[in-house]
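Each remark here refers to the structure printed beneath this line.
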Amino acid sequence: MINEVTRIMTAAEYAAQYGLNRVGARPDLVSYLKHAWARRDFAFELARSKLQASNQRNRLGMLWVVIQPTMNALMYGFIFGILQGGNKPLDFPAHVVIGVFLFEFFAGSANSGAKSITGNAALVQSLAFPRITLPIAAVIQQFLTLVPMLGVMFIYCMILGTTPKWSWLMVVPLLVLFTMFNTGIALVCARLTVHVRDFTQILPLITRILFFTSGVLFSVDRILTAFPALVRLFDFHPIYQALQIARGSIMNGVEYPSFYWVVLSVWAVAALVGGTIYFWAAEERYGRVD
Amino acid sequence: MVELTNFDDLINPRLHGKFEPKPVYDVETQTSTETASIEIDAARKPVVIVDNLHVKYQVYSSGKSVGAAGAKRLLQSSTRGIREVHAVKGVSFVAYENESIGVIGSNGSGKSTLMRTITGLTSPAEGSVYASSRPNMLGVGAALIPDLSGDKNIMLGGLALGYNRQEINEMREDITKFAELEEFIDLPMRTYSSGMSARLKFAIAASKQHDILIVDEALAVGDARFRKRSEAKIREIRENAGTIFLVSHSMGSILDTCNRVIWIEKGVLMMDGDAKKVVNAYKAKKK
């Protein structure tokens with residue numbers, strides 16, 4: 001070889017020569033998800049222990065997981081039952097119980113997802129691991145809360161007059177789609193909160209608006225008959241559709257159009273994929289102090 | 001006639017230049033800027049390359065960070081009252097495998113900022129940091145998850161570091177014993193004293209063989225006995241081809257554990273070399 005002119009190499013060239021990477025540079029999406037998958041035990045364990053710890057200091061402990069939504073359903077059912085008078089949806093108590101219990105899962109995922117990065121600052125700043133595990137752990141925690149709630153929900157429904165049937169099993173695929181959707185929302189909320197802390201102040205308002213516009217307490221067909229355009233809009237409303245599918249599968253004599261499954265699936269996949277990419281794109285940003 | 005003092009002039013930031021902190025003592029700035037290009041010892045394997053690193057913070061004079069008040073800045077176009085703090089000014093060095101590097105300097109000299117930049121928690125204004133893997137940083141501060149017991153924190157910390165459950169169950173006893181928390185391991189971490197939680201955090205982090213570990217004054221809160229044992233642990237990590245940065249004000253533990261010392265003063269690299277030599281120079285200057 002002809003002797004090369006000995007010139008000063010730059011740091012970047014040295015780094016490439018010795019296989020060093022720029023610190024903080026995010027890995028490509030595939031290897032990022034692979035790393036995250038390797039930490040699945042971490043996400044699950046974090047969710048489980050946080051759930052236990054969250055109710056540890058209360059006297060009634062884990063019972064609150066069931067008591068709180070029950071009281072919510074009672075309160076909303078009572079107030080809106082009186083307000084709506086004759087326009088109440090069919091089988092109103094079961095309608096409200098299913099609506100309130102399932103909506104809780106969505107609102108909880110969005111809220112705890114939003115706080116998952118900023119609330120675990122010490123963890124994020126001292127250990128290096130894919131940050132996506134934190135919002136996912138938040139959704140797992142909400143899912144673990146949902147399981148006993150569902151059990152109680154079925155019991156309430158039977159007390160309120162619905163009979164057990166095979167279509168109850170349709171709740172399982174519904175929960176898969178709903179969880180995918182909620183995970184996507186949690187990921188988006190997590191990143192937004194890192195950029196703009198003020199987001200946690202607005203988020204309760206947003207979930208409250210969604211609560212009152214998702215048909216949790218009323219029947220869209222009966223209340224909005226005067227506005228057919230609005231009724232059409234509910235054909236593309238993912239939360240409303242999740243609730244309607246659940247009601248149609250659980251309650252007696254409630255029908256839902258089967259294309260709701262298609263629309264909800266599209267929403268679920270879009271939210272999950274979009275949320276994951278959106279969250280991953282800012283991986284370098286999480287935990288930074290400036 | 002004596003003119004009355006116009007206080008508005010005094011407090012109007014437009015009438016005054018950018019704040020440049022006066023050095024407490026003379027700083028030979030040129031030493032680092034002149035030799036900005038790095039040289040690498042070909043015989044050893046570099047794990048961290050810090051190349052002409054500058055870190056700046058923009059803060060309002062009131063202390064509020066500019067980033068947090070971004071909305072306000074949109075409304076007012078002038079940037080008056082904003083102060084730029086140049087925390088790290090052109091630091092370059094190369095850290096190799098098998099090294100434990102002490103980082104010394106007086107309070108506020110930029111040590112912690114430099115370490116946070118190496119971990120990627122602060123972004124450089126200029127220059128760059130390259131590393132073989134993402135460093136883990138052990139600093140003082142809150143517990144990992146304060147509401148959970150020490151035992152659960154061991155499990156979670158271990159899982160976050162990439163162990164599986166079985167490995168952690170095997171290590172659990174060692175970690176507890178090392179942190180000397182046998183009686184308290186079932187209590188939530190929020191009830192621990194700062195020394196206890198620092199011990200547990202160090203024990204969890206040190207259970208793994210790290211490529212790069214940064215210990216930022218985390219050992220200062222431990223008692224003398226724990227410090228001795230953690231210094232031994234740091235040497236062990238180093239001997240197994242790890243690289244450790246130890247930020248400390250205790251020259252004793254720096255001399256005991258580090259074979260190389262970096263001295264930073266006012267954001268400038270003052271000296272980089274053999275531990276004894278640098279520590280002696282630092283002590284001489286401090287007097």
Side-chain angles (χ1 to χ4, degrees), chain A residues 7-27 35 38-57 119-131 133-134 137 195-198 283-290, chain B residues 37-40 45-52 55-58 65 67-68 70-71 92 94 116-123 127-139 141-149 152-153 155-165 188 201 204-205:
Chain A
R7 62 185 186 89
I8 301 162
M9 278 170 80
T10 64
E13 286 166 335
Y14 276 124
Q17 184 189 336
Y18 289 100
L20 309 186
N21 300 312
R22 198 168 60 76
V23 164
R26 55 155 200 252
H35 275 113
R39 301 286 157 93
R40 60 189 183 278
D41 268 357
F42 171 62
F44 187 74
E45 189 67 32
L46 183 65
R48 224 179 44 154
S49 353
K50 281 225 160 167
L51 180 63
Q52 280 170 1
S54 67
N55 286 308
Q56 223 168 37
R57 292 213 235 178
N120 286 313
L123 195 61
V124 172
Q125 286 180 8
S126 50
L127 299 180
F129 60 91
R131 311 304 185 204
T133 45
L134 291 176
H195 290 305
V196 190
R197 289 285 173 117
D198 315 43
E283 177 74 5
E284 298 181 21
R285 181 69 186 73
Y286 307 127
R288 259 193 212 161
V289 283
D290 50 336
Chain B
S37 67
I38 50 164
E39 278 168 38
I40 287 189
K45 187 180 180 303
V47 286
V48 177
I49 299 179
V50 176
D51 174 36
N52 191 25
V55 179
K56 291 172 186 170
Y57 294 115
Q58 285 201 325
S65 96
S92 304
V94 180
R116 274 207 304 267
T117 318
I118 293 178
T119 349
L121 294 175
T122 300
S123 49
S128 43
V129 179
Y130 300 90
S132 58
S133 68
R134 186 156 189 188
N136 288 303
M137 179 152 107
L138 204 60
L144 295 176
I145 296 151
D147 267 342
L148 301 183
S149 68
K152 278 264 188 273
N153 269 288
M155 176 58 91
L156 285 169
L159 288 170
L161 284 168
Y163 289 112
N164 62 37
R165 279 166 205 273
K201 275 169 75 177
I204 294 172

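The figures here come from the full heavy-atom set of this structure, side chains too, leaving out hydrogens, waters and symmetry mates. Just so it is clear, the structure is predicted and the values come from calculations on it, not from any experiment.
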Minimum heavy-atom separation for [X] to [Y], with atom names?
X: B:Ala160; Y: A:Phe129; value: O-CB, 3.7 Å
X: A:Val23; Y: B:Thr119; value: CG1-C, 3.6 Å
X: A:Ala53; Y: B:Leu148; value: CB-CD2, 3.2 Å

Would you mind checking which part of [X] comes under 4.5 Å of any heavy atom in chain A, side chain (CB onward), backbone (N, CA, C, O), both or neither?
X: B:Val47; result: backbone
X: B:Ser133; result: neither
X: B:Ile118; result: backbone

Return the [atom1] to [atom2] distance between [X] and [Y], rounded to the nearest 0.5 Å.
X: A:Leu123; Y: B:Asn153; atom1: CG; atom2: CG; value: 8.5 Å
X: A:Arg22; Y: B:Asp51; atom1: CZ; atom2: CG; value: 12.5 Å
X: A:Gln52; Y: B:Lys152; atom1: CD; atom2: NZ; value: 5.0 Å
X: A:Leu20; Y: B:Lys45; atom1: CG; atom2: NZ; value: 6.5 Å

Most chain A-contacting option - heavy-atom pairs closer than 4.5 Å, from B:Asp147, B:Val55, B:Asn164, B:Ile204: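 The residue among B:Asp147, B:Val55, B:Asn164, B:Ile204 with the greatest pair count is B:Asp147.
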What part of A:Arg39 gets within 4.5 angstrom of chain B, counting heavy atoms only: side chain, backbone, both, or neither?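 Just its side chain gets close to chain B.
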Per-residue contact mode, A:Glu284 against chain B (heavy atom under 4.5 angstrom):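 Only the backbone of A:Glu284 comes within 4.5 Å of chain B.
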Return the option, out of A:Lys50, A:Arg131, A:Arg197, A:His35, with the maximum number of heavy-atom pairs under 4.5 Å with chain B.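 Most pairs with chain B among the choices: A:Arg131.
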Apply side chain to side chain donor-acceptor pair (under 3.5 Å) to A:Glu283 and list each qualifying residue two or more places apart in sequence or on a separate chain.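 Side chain to side chain donor-acceptor pair (under 3.5 Å) check on A:Glu283 returns A:Tyr32.
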